[in-house]
Structures are given as C-alpha cells and as structure tokens.
Asker: 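Shown below is the structure under consideration.
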Amino acid sequence: MHNSPFVALWEFHVKPESIVAFEEIYGPHGEWAQLFGQSPDYLGTDLIRDLNQRGRYLTLDRWTSGEALQRFKKEHQDAYSNLDKQCESLTEKEVFLGNFEQVALRSNT
C-alpha cells in the first residue's frame, strides 16, 4: 500500500458469480481508477480481499485531500453515478467505512 494524506475506505460483499468482474472494475487499473484518474489529485486505489471471508473486499481510494475528492465527485457527478449504478449488480452489500488520513509519527529525538 502507498502513503497518502487522505483515504476513502469502502467495504464490499461481492456476489460469488461477480468476483472476476468486480476485481477488474474496482482494481487499481479498473474503470473506477480510470474515472478518478481524470483528476491530478487522485493518487491511486488499493483493492484488498479478505482471506477468511470469500467475496469480502476493501477499496482504499487515495487522494491528496478530502476536498479534492469532493470536488471531483461534484464535477463528475453524472459519470460517477452512472458507473456506480452499473456496478450495483456485482455486490450484495456496499458500506462506506469512512474518510481516513495518514498519521505522521513523531520522532523521539
């Protein structure tokens, strides 16, 4: 995984028959990443799968800031909504887990 100041974290429970399509669309080079890539503030996506629960995935969308993500969503609302609607059939459940930021560790010296 990569370091960035801001991460939007999502959890997905993918239908068994949709796993291959889901991994392609939500992966680091998939349709979501291509859409987000229209912004210079998008830093990439990590797609990780649960080793103990088949079909459970997390996406970590990395941005320069939360404001950059919100601006992107506003400017690309139609494309974002259309892609989201196309992907609904792939999952049983989708949960936004929150917005996170990297914690800078302080040096003890």
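Remember, predicted model here, so these are calculated numbers, not experimental data.
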Asker: Just wondering, more than 12 heavy atoms not from Glu17 lying within 6.0 Å of its CD?
Answerer: yes

Asker: Taking the side chain as C-beta and beyond, is there a heavy-atom pair between Ile19 and Arg54 under 4.5 Å?
Answerer: yes

Asker: Supply the atom-to-atom distance Thr45 OG1 to Asp61 CG, rounded to the nearest 0.5 angstrom.
Answerer: 4.0 Å

Asker: Tell me, please, which residues at least two apart from Tyr57 pass ring-ring contact (aromatic ring centres under 6.0 Å, His included).
Answerer: Phe22

Asker: Test: side chain to side chain donor-acceptor pair (under 3.5 Å). Region: residues 82-100. Which pairs qualify, not counting sequence neighbours?
Answerer: none

Asker: What heavy-atom pair brings Leu47 and Thr59 nearest, and what distance separates the two atoms?
Answerer: CD1-CG2, 3.7 Å

Asker: Please report the shortest heavy-atom distance between Leu90 and Ala21, naming the atom on each side.
Answerer: CD2-CB, 4.1 Å

Asker: Which atom pairs, one a donor and one an acceptor, fall under 3.5 Å between side chains of residues 66-75 and the rest of the protein, sequence neighbours left out?
Answerer:
residue : atom : partner : partner atom : Å
Glu67   : OE1  : Ser65   : OG           : 3.4
Arg71   : NH2  : Asp41   : OD2          : 3.2

Asker: For the atom pair CH2 (Trp32) and OH (Tyr80), what is the distance rounded to the nearest 0.5 Å?
Answerer: 4.5 Å

Asker: With sequence neighbours excluded, what pairs up with Arg56 under the salt bridge (Lys or Arg N to Asp or Glu O under 4.0 Å) test?
Answerer: Glu11, Asp50

Asker: With sequence neighbours excluded, what pairs up with Glu31 under the salt bridge (Lys or Arg N to Asp or Glu O under 4.0 Å) test?
Answerer: none

Asker: Work out which heavy atom in Ala33 is nearest to a heavy atom in Gly27; give both atom names and the distance.
Answerer: CB-O, 3.9 Å

Asker: Please confirm whether the backbone N or O of Gln77 pairs with a side-chain atom of Ser81, one donor and one acceptor, at under 3.5 Å?
Answerer: yes

Asker: Residues in side-chain hydrogen bond (donor to acceptor under 3.5 Å, both in side chains) with His76, at least two apart?
Answerer: Gln38

Asker: With rounding to the nearest 0.5 angstrom, report the CG to CG distance, Leu60 to Leu97.
Answerer: 9.5 Å

Asker: Rounded to the nearest 0.5 Å, how far apart are CD of Gln34 and NE2 of His29?
Answerer: 10.0 Å

Asker: Between the main-chain N or O of Val7 and the side-chain N or O of Arg62, is there a donor-acceptor pair closer than 3.5 Å?
Answerer: no

Asker: Among the clusters formed by ILVMFWY side chains lying less than 4.5 Å apart, do Phe96 and Ile25 turn up in the same one?
Answerer: yes

Asker: Look up atom OG in Ser18 and atom CZ in Phe12, then write down how far apart they are to the nearest 0.5 Å.
Answerer: 13.0 Å

Asker: Can you tell me how far OH of Tyr26 sits from CG of Asp46, rounded to the nearest 0.5 angstrom?
Answerer: 16.0 Å

Asker: Just do the ring-ring contact (aromatic ring centres under 6.0 Å, His included) check on Trp63 and Tyr42 with the steps written out, would you?
Answerer: CA-CA 5 Å; Trp63 293 81; Tyr42 171 67; 5.3 Å; yes

Asker: Under the ring-ring contact (aromatic ring centres under 6.0 Å, His included) test, which residues partner Phe100, sequence neighbours left out?
Answerer: none

